[in-house]
Amino acid sequence: MRPEAPPPTLRLSVDQAALAHNYRALDRLSGEAETGAAVKADCYGLGVDACVPTLRQAGCETFFVAHWSEVSGLARHAPASSIGVLHGVINADEIAYAKASGAVPVINSVEQARAWHEAGGGACHLMIDTGINRLGVAPEQLSDPAVAQLRIDILMSHLACADEDSPRNAEQLEVFRTLAASRRATRTSLANSAGIALGEAFAFDLTRPGLALYGGVPRPEMASEIRPVARIEAAILQVRELVAGDTVGYNGEFTAPKPMRTATVSLGYADGFLRARRRGGVMLSGDAELPILGKVSMDMIVVDLENAPHLSAGDWLSVPISLRDAARQSSVSQYELLTTIGNRLRNSG
């Protein structure tokens, strides 16, 4: 018998009440539209098993992932027919898997449309490119016979600048509105999280929030509506007493200007706490802010204990929960801050 591993010195927890609140808030902001959920990248790093049951209980019935490899984990919690796969079908293996699993491909090109039809067709979604120039059928290709014969459930496009006050938002809205009126589909969809904040004109039949579900704030108008969902904590491994002139971490980037009490904490860039977050960054002990000293290592950071001198090895610190503030502090996007969460944190529950 192998010995049971001790409890981890990292903790990632999901506030299910906050997640449900965020879904309902986004659903209300979506007006008459149905509100789906982007649950790709393991629910933006927070875990399909932790998040999807809560989203379903809150009323969500339509889900989106990027890869076919994400379908089986999601299908434990939602009907396969409710799962849209955004990357579509690029080869025979993916088409066969779509047919066998019941998950729905998002057709992105004439070639995918043709291959899907030749394999027997069936319900699909269709992505139209209205200006982001990533995936999607060009507007002039909608009349192609392979596209025209598709049985489309959701006709969708994706906004390029919804998190900005850009004229491109109105331009894409008008293009999509025109194209949607000319193409038969069960439902239409344009707005992501930020697009929901642009108003009900962008909602159509279905909205597809992602980041805002998990506590991100893509536009300032949403700040009062969205609650933090993730809670990350890490244990102190060791407390040290520095003297003036001691340096901390790789390359001695920080030099103690005076005697200092510091803590080495079990968290690093392998866990998604990137070096970009260190400048002005802090950990928290209750309301006390503990500044990060020196470079973030793969498995450790060092913090100043001046504001909490009573702490010792084994005590827990938390990562500030505002994704928006952390993004401003680090110049790393809220999306990246969530999705770079490392496996040690993901498996700490």
Side-chain angles (χ1 to χ4, degrees), residues 5-15 40-48 50-51 66-67 210-211 214-218 228-240 242 246-256 260-285 288-305 307-308 311 313-349:
T9 53
L10 290 168
R11 295 196 291 230
L12 169 65
S13 56
V14 174
D15 185 336
K40 57 188 179 177
D42 202 23
C43 285
Y44 286 47
L46 299 187
V48 163
C51 296
H67 295 263
L211 178 69
Y214 312 112
V217 182
V229 170
R231 180 174 175 82
I232 295 173
E233 299 171 288
I236 293 175
L237 300 172
Q238 187 180 45
V239 171
R240 302 180 71 88
L242 304 185
D246 281 348
T247 61
V248 173
Y250 288 121
N251 308 116
E253 187 176 272
F254 176 82
T255 301
M260 299 179 66
R261 184 173 172 84
T262 65
T264 301
V265 184
S266 178
L267 180 70
Y269 58 75
D271 309 302
F273 195 93
L274 306 180
R275 282 188 171 181
R277 295 188 67 174
R278 76 187 187 279
R279 300 190 184 279
V282 299
M283 294 286 285
L284 298 176
S285 175
E289 294 188 349
L290 311 180
I292 296 169
L293 306 177
K295 289 184 176 179
V296 176
S297 300
M298 182 182 290
D299 316 300
M300 292 171 282
I301 58 173
V302 176
V303 299
D304 182 357
L305 290 183
N307 295 330
L311 295 176
D315 288 334
W316 289 85
L317 304 180
S318 60
V319 177
I321 55 179
S322 171
L323 286 171
R324 192 179 182 202
D325 289 346
R328 287 170 173 168
Q329 182 184 87
S330 65
S331 299
V332 176
S333 77
Q334 297 177 69
Y335 298 88
E336 292 171 280
L337 289 170
L338 275 176
T339 58
T340 54
I341 291 173
N343 284 335
R344 291 185 299 213
L345 265 171
R346 294 175 196 268
N347 298 324
S348 65

**Prompt:** Hey, are the side chains of F254 and M260 touching, using non-hydrogen atoms and a 4.5 Å cut-off?
**Reply:** yes
**Asked** What closest approach, in Å, do I292 and V282 show between heavy atoms, and which atom pair accounts for it?
**Response** CD1-N, 3.9 Å
**Prompt:** What distance do T262 atom OG1 and L311 atom CG have between them, rounded to the nearest 0.5 Å?
**Reply:** 12.0 Å
**Message:** Looking at every heavy atom in both T9 and S266, which two are closest together, and how far apart are they?
**Reply:** OG1-OG, 2.6 Å
**Prompt:** So, for V319 and F273, which heavy atoms are closest and what is the spacing to 0.1 Å?
**Reply:** CG1-CE1, 4.1 Å
**Prompt:** In Å and rounded to the nearest 0.5 Å, what is the CG to CG distance from L305 to L242?
**Reply:** 10.0 Å
**Asked** Where is the tightest heavy-atom contact between A230 and L12, given as atom of each residue plus distance?
**Response** CB-CD1, 4.3 Å
**Interatomic spacing from OG1 in T264 to CG in L293 - rounded to 0.5 Å** = 9.5 Å
**Prompt:** Are any non-hydrogen side-chain atoms of M283 and L267 less than 4.5 angstrom apart?
**Reply:** yes
**Complete:** Taken to the nearest 0.5 Å, the spacing of Y44 OH from L211 CG works out to 6.5 Å
**Request:** Can you measure from CG (L10) to CD (E233) and round to the nearest 0.5 angstrom?
**Result:** 10.0 Å
**Request:** Mind listing the closest non-hydrogen atom pair of W316 and P8 along with its distance?
**Result:** CH2-O, 3.5 Å
**Message:** Please report the interatomic distance OG(S285) to CG(L290), rounded to the nearest 0.5 Å.
**Reply:** 6.0 Å
